[in-house]
Amino acid sequence: MLPSTSNYMFEMIRSELTDAVGKEYVDVREADRFAHSVDYYWIPEMWHDRNMPNPQADLIVHPGTAEEVSKVMKIANTYKIPVVPWGGGSGSQGGALPVLGGILLDTKRLNRVWKIDTTALTVTAGTGIIMRHLEWEVNKAGYSTMHLPASIACATVGGFLAHRGTGVLSTKWGKIEDMVMSLEVVLPTGEIINTLPIPRHASGPDLTMMFLGSEGTLGVITKVTLKIHPQPEARKFRAYLFKTFDDAMDAGASLMRSRLRPCAIRLYDEEETRHHVKRVFGLDDISGSYLVFGFDGYEKIVDLEMEEAMKIMRKYDVRDLGSKGGDMWWENKYKFFYPPYMFHMPQAFGTLDTVATFSDIKNVYHAMKKVVNENFPEARFIGHFSHWYEWGCMLYARFIFEKAPADPREAAALYNRVWDLAIRAAIANGGVINEHHGVGLKLGRLMKELYGPAKELVLDKLKKELDPNNIMNPGKMGFGF
Amino acid sequence: MHIQKFEDAMKACRFCFMCRHLSAVGNVTFSESDTPRGRALLLDKVSMNPEFLRSEAVVSTMYQSDLSACCRFHCVSHYDENGLVLAARRDIVEAGAAPENVGKLAAELGKSAAFKVSGKKADTIYFIDRYTARQPEISGAFDKIAKAAKVPYMTITGGCLGKALKTLGFENEAKKAASAFAKALAASGAKVVVVSNPAAYDALKNDCPALGIKLKCKVMHTSEFIAGKLAGLKLRKPAGKASAVYYLESDFLRNYNEVAAPREALTRCGFKLLPFGTNNEESYSAGEGACVLPELNPGLVKLLAEKVASRCDDAKKDTLVTASPYTKHVLTKYAGLKVKTIEEMVSSLL
């Protein structure tokens with residue numbers, strides 16, 4: 001652990017870090033330590049809102065290269081100081097919070113675009129680059145990563161890799177793990193390694209996949225090569241209103257089972273359609289369950305796919321909102337996440353995202369809804385389904401209390417209780433604890449319930465082997481202190 | 001406290017990350033506190049613990065904001081984080097907690113607010129502010145255009161008309177300076193005041209009414225003036241490589257006032273506007289919104305200018321065009337870029 005700032009040993013360690021990354025990149029300013037003490041997780045937000053001090057890092061370092069990251073890791077190991085990687089800080093699971101103090105390793109200086117390979121169609125970049133900046137660079141070259149999440153403006157590429165993020169076009173173009181070619185990783189003990197340069201092989205287990213989703217507990221991902229794609233000639237959307245959510249889910253699943261390749265499908269349950277979709281779109285005559293989908297690529301193919309998809313929709317009792325109703329969603333796709341449209345204090349809210357097969361997903365949805373409604377009658381439960389696979393889809397369920405208890409400890413207890421019950425209901429019905437936000441601090445305690453013996457036999461052993469001093473992002477992913 | 005007037009922005013921005021990519025200062029310091037979220041979070045703490053206002057953490061962070069208002073321009077709800085920071089600076093000043101260099105600069109700016117009108121009586125008057133005065137080629141270019149358009153004009157010179165003082169949080173001093181300017185303007189009898197500096201434009205358009213100062217004449221930015229006179233000017237068509245230029249948006253014209261005249265004037269003259277950097281939304285602010293950042297923090301301005309330079313396709317060859325004498329000054333001085341103003345570009349065609 002780091003000695004207190006009044007101890008000269010603190011200055012000794014600070015000097016070593018300064019030697020590693022440069023004076024201007026070792027920060028002990030109160031302002032920055034304070035700003036790094038709150039991410040997008042509701043608990044530290046609420047703690048701040050109640051005027052309670054959040055745990056802060058002692059030092060913030062901004063390394064500019066993998067070699068500098070390596071030096072920081074070696075220093076941290078020498079003194080057994082916790083190191084918490086921080087990208088954009090926009091994670092909702094508390095994965096980047098410096099709960100034990102120590103060194104906060106801000107990756108944003110690792111923001112170089114190393115290469116855009118127009119032959120293989122890949123881009124290689126530092127993981128500290130803001131995703132929006134990377135997408136703009138790739139756009140300028142005439143391509144797109146097709147990774148367009150709502151957090152594109154605020155999250156770093158590394159954040160998506162660490163938490164297995166996803167974007168609005170994932171249904172066709174994949175989650176971030178489908179987009180990765182290879183990684184450069186600095187291990188907790190400071191060694192720099194590279195995973196294989198290509199993602200498909202029979203040359204042993206897939207190291208790339210092992211680090212994706214490890215949330216800074218197994219190392220710091222410093223560089224990535226991602227696939228890029230030509231900008232599509234056309235991207236078209238169409239929306240429908242279904243009388244019931246169940247019908248809409250059946251229609252969405254039918255669309256996926258047809259093996260047409262929509263770039264996006266988004267289905268909102270009746271509650272979210274009634275409140276949120278209506279408010280964001282400014283529509284008055286909207287009720288039922290809103291379903292929107294789109295196709296992209298060559299226009300002729302897009303039109304053909306759209307025609308076939310519309311045939312599937314016509315089998316149901318639907319109101320066709322046309323392309324206008326679909327375009328409205330595309331144009332406003334990020335608006336949901338800006339204030340005041342996003343939930344905010346004094347509300348208590350959380351995104352219980354999970355994923356299951358089409359055989360299970362309705363059960364997961366209804367079980368989570370039931371457990372929230374029955375145990376927390378003062379809460380609202382809403383959900384939409386935004387990332388679809390050949391075999392199932394993701395549920396973006398949310399609970400909202402209009403007002404949380406004023407006492408921060410009571411509020412935290414209530415909040416955690418909702419998560420415990422709802423996620424257990426998801427697991428019991430074939431779901432998992434998360435689909436694209438990660439585990440972090442929020443859900444670590446449920447990892448054992450999800451993985452069973454594999455948690456201890458595989459994940460814990462892996463962690464112990466790679467991080468013998470347990471300095472990498474302690475307290476996250478259920479690895480404990 | 002004045003920050004309470006911006007409680008909506010404080011509460012909305014404190015936990016919102018959606019504009020962080022546009023934070024010019026945050027993009028060069030990499031500090032979370034230098035983003036709209038970071039600043040709003042700090043000020044939210046101040047609202048709960050007023051003594052925190054005086055802390056070095058709050059004071060230094062507030063005075064290194066670029067005040068570009070890119071965040072407000074981008075935000076779907078247009079929350080005014082910029083206004084929140086300005087209110088915080090005002091609170092800091094009124095609490096007697098302004099840093100020494102800020103106080104000293106404000107005193108100098110206050111003293112400089114003595115305005116002199118020159119030239120024969122005319123309906124139009126041209127304000128030569130500090131940054132325009134430092135770069136006489138800008139007023140020279142304006143003179144050439146005005147003469148070609150047969151528009152006689154007077155000039156008004158002097159120091160700060162209140163914008164920089166207001167930006168620093170010295171509201172009363174800003175009002176005094178603006179009043180002195182308004183008085184000199186009224187005495188000139190001019191019906192139209194033309195300014196090259198977008199900061200002056202914003203001061204006259206927005207700050208004066210907010211300070212209770214009524215101007216009796218119309219306010220125009222030079223780009224608006226030029227766009228209005230183009231039909232009567234005999235201009236050569238820009239030729240070859242010189243016709244392709246990169247236009248850098250002005251914080252004050254785009255983000256504060258949504259003035260489209262600079263682009264309009266250039267395109268109507270036949271210039272082809274190339275997209276600078278990757279797109280028009282990205283923030284290439286070099287601190288224009290903060291007016292006097294070079295005096296307070298030249299190291300930071302150098303970083304901002306270097307960031308802009310790093311986005312050039314060819315920093316040695318590209319011609320950048322700006323509507324802001326401030327931006328021309330700092331990009332030339334701190335990054336060695338080739339920068340022209342709208343006035344210079346148009347006058348080169350006469």
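By convention in this document, chain letters (A, B, ...) are assigned in the order of the sequence lines, proteins followed by strands, and residues within each chain are numbered from 1. When reading the values below, keep in mind they use all heavy atoms of this one structure, side chains included, and skip hydrogens, waters and symmetry mates.
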Using the six-membered ring wherever Trp is involved, compare the ring planes of A:His48 and B:Phe15 and label them parallel, tilted or perpendicular (cut-offs 30° and 60°). perpendicular

If I take atom CG from residue B:Asn49 and atom CG from residue A:Asn51, how far apart are they, to the nearest 0.5 angstrom? 4.0 Å

Here the gap from A:Phe34 atom CZ to B:Leu41 atom CG, rounded to the nearest 0.5 Å, amounts to 4.0 Å

Does a sphere of radius 6.0 Å around NZ in B:Lys340 hold more than 12 heavy atoms from other residues, nucleotides or ligands, not counting ones at 6.0 Å or beyond? no

Can you find a pair of side-chain heavy atoms, one from A:Tyr334 and one from B:Val76, that are under 4.5 Å apart? no

Would you say the ring centroid of B:His78 lies under 6.0 angstrom from that of A:Tyr338? no

Backbone N/O of B:His21 and side chain of A:His133: donor-acceptor pair under 3.5 Å: yes

Give a yes or no on whether a salt bridge exists between B:Glu32 and A:Arg33, defined as a side-chain N under 4.0 angstrom from a carboxylate O. no

Look at the rings of B:Phe17 and A:Tyr40 and say which category their plane angle falls in: under 30° parallel, 30 to 60° tilted, over 60° perpendicular. perpendicular

I'd like to know if the side chain of B:Arg37 and the backbone of A:Ala35 have a donor-acceptor N/O pair within less than 3.5 Å. yes

For chain B, which candidate among A:His344, A:Arg132, A:His36 shows the most heavy-atom pairs at distances under 4.5 Å? A:His36

Flag the one option from B:Ala12, B:Ser31, B:Gly38 with the top tally of heavy-atom pairs under 4.5 Å to chain A. B:Ser31

Using only atom types and a distance under 3.5 Å, with no angle test, would you say the side chain of A:Lys108 pairs donor to acceptor with the backbone of B:Asn27? no

When rounded to the nearest 0.5 angstrom, what is the spacing between OG in A:Ser151 and CE in B:Met18? 7.5 Å

Which atom names give the shortest non-hydrogen contact between A:His62 and B:Phe30, and what distance separates them? CE1-O, 3.2 Å

Turns out that what part of A:Asp32 lies under 4.5 Å from chain B's heavy atoms comes down to both

Classify the side-chain pair B:Arg20/A:Ser90 by whether it contains a donor and acceptor separated by less than 3.5 Å. no

Nearest 0.5 Å, please: how far is OG in B:Ser33 from CG in A:Asp27? 7.0 Å

Is it true that A:Asp49 and B:Lys45 make a salt bridge, defined as a side-chain N closer than 4.0 Å to a carboxylate O? no

Check: B:Ser77 side chain, A:Pro339 main-chain N or O, donor-acceptor pair, under 3.5 Å: yes

From B:Asp34 CG over to A:Arg29 CZ, what is the distance, rounded to the nearest 0.5 angstrom? 6.0 Å

Atom group of B:Arg14 that falls short of 4.5 Å from chain A, counting heavy atoms: side chain

Around atom NZ of A:Lys403, are there more than 12 heavy atoms from other residues, nucleotides or ligands closer than 6.0 Å? no

